[in-house]
Amino acid sequence: MEKKSVFSSRLGFVMAAAGSAVGLGNIWRFPYLAAKYGGGIFLLVYLILAVTFGFALMITEVSLGRKIGKSTILAYSTINKKFSFLGYIASLVPIIIFPYYCVIGGWVIKFLGVYFTNQGHEATNDGYFGNFIGSTGEPLICLAIFLFLTSIVVMLGVEKGIERVSKFLMPLLVLMSLGTAIYSLTIDGAIDGLIYYIKPNFSEFSLKTVVAAMGQLFYSMSLAMGIMITYGSYMKKEDDLEKSVRNIEVFDTAIAFLSGMMIIPAVFAFSGGDQSALQKGPTLMFITLPNVFDSMKGGHIFGLLFFVLVFFAALTSAISLMETIVSIIIDKFHFSRIKTSIGIMIFSFIIAVPSSLGFGVLSGVKLFGYSILDFFDFISNNIMMPVVALLTAILVGFVAKPKLVIDEVESSGKFKAKKMYTAIIKYVVPVCMVVILISSIIGYV
């Protein structure tokens, strides 16, 4: 059996966990949700939830991981054998997400290549993105490249692979986001977009705003998918846990905020203030933004920097998803890291193929009305993750009691927010999870 891996320092843990949290959810999902749900008011609600609701869930998962020192599949059963089933549900989440996430990562590889070879103008042609994802060979090649790059980092291990890559990419990602956001604000008409983005309009506040912000928090902060439990199990006992989680929150929220500053003012200026241009979902990144870049002075450079940034963000999150699966397999079956990583790489590619082909030769295949990729996304993000969070809150809040987490946090430093934490994990999180589940079911029906 391999020796248990650990991060070499608190900084290494923070960079790796922040790298997991900072992904495609920050770069494309956050800006379009902010635009769809009122701009500044969505941003305000998200920030409030991040430092309360998001903090409580994240510190719970990291604490459980560090205390138990095991992967997700074993962590819950160690706390309470009656909740062993929860470990299996939580472990299924990254197994479902990772393959289709790599499909989208492959799309990012494609557009990175487009701007690297100075073909950004061609990407503005009608049907360019649709023709690409509707083809067979090229998306699969891009998927394989992205999956291979992810696997190489995971094979290198926690300290030499994940920690080293995260320490390099995360500061670079922050600097690139800041520089690109500042450049975006120099476009004529962009300031109006900035005002819409940061100025709360309370007349646009609704329950949908809160639900959308909570859903984004899950997607953005890597909650309820076993990642933070896994990374917590690699954390040293002497590292300050509360400070670490706050640092991760700052990184994650900063990138999300800067992503909005990059995209919303630029698209606002390009569309002449048409907010609907911002509300295109995934196509915002692959259809709307290439048109924005093409209309800008120096847009090719802007586009290249943007997709380099998106690639880094996608890669760090994919690494954390794969590492979580690797940790589960090693803990359960005691295989070597290399063999486990290769096996997961092959398995994930096979599982990802239908999601990729679901926009082409398998486009006629619908699962409950969804394309194959969208179905996996809906099941994992809208159903399984809220269920995992709800049951985790019940386990920690009422069965094992909050003292389990509080004692682990206080073993390496003060827990200043422990009273707030207790109230949120016992009462706020369960209510919020029920609301998200009901809204997901109603939205589907």
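Source: prediction; values computed, not measured. Residue indices begin at 1 and follow the sequence shown.
Residues V310 and L24 are in side-chain contact: their nearest non-hydrogen atoms beyond the backbone lie under 4.5 Å apart. At least one side-chain heavy atom of D377 sits less than 4.5 Å from a side-chain heavy atom of Y100.
The salt bridge (charged side-chain N to carboxylate O under 4.0 Å, His left out) check on E323 picks up R337, with sequence neighbours excluded. Annotation: side chain to side chain contact (heavy atoms under 4.5 Å, CB included) contacts of L404 (sequence neighbours excluded): L64, K67, I79, A400.
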Side chains of residues 413-435: which donor-acceptor partners sit under 3.5 Å, not counting sequence neighbours?
unit_1: K418; atom_1: NZ; unit_2: E410; atom_2: OE2; d: 3.0
unit_1: Y421; atom_1: OH; unit_2: T60; atom_2: OG1; d: 2.7
unit_1: T422; atom_1: OG1; unit_2: K418; atom_2: O; d: 2.9

Per-pair distances, 0.1 Å, donor-acceptor, side chain in residues 139-152, under 3.5 Å, sequence neighbours excluded:
unit_1: T150; atom_1: OG1; unit_2: F146; atom_2: O; d: 2.9
unit_1: S151; atom_1: OG; unit_2: L147; atom_2: O; d: 2.8

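The side-chain hydrogen bond (donor to acceptor under 3.5 Å, both in side chains) pairs that include a residue from residues 340-360 number zero, where partners must be two or more places apart or lie in different chains. Listed by first and then second residue, the side-chain hydrogen bond (donor to acceptor under 3.5 Å, both in side chains) pairs involving residues 153-163 are S8-E163, E163-K167 (not counting sequence neighbours).
Scanning all heavy atoms of the two residues, the minimum distance from I198 to F257 falls at CG2-CE1, 4.0 Å. V22 and L173 get closest at one heavy-atom pair: CG1-CD2, 4.0 Å. Scanning all heavy atoms of the two residues, the minimum distance from P94 to I325 falls at O-CD1, 3.6 Å.
Between F359 and W107, the ring planes lie perpendicular to each other; the angle is over 60°, past the 30° to 60° tilted range.
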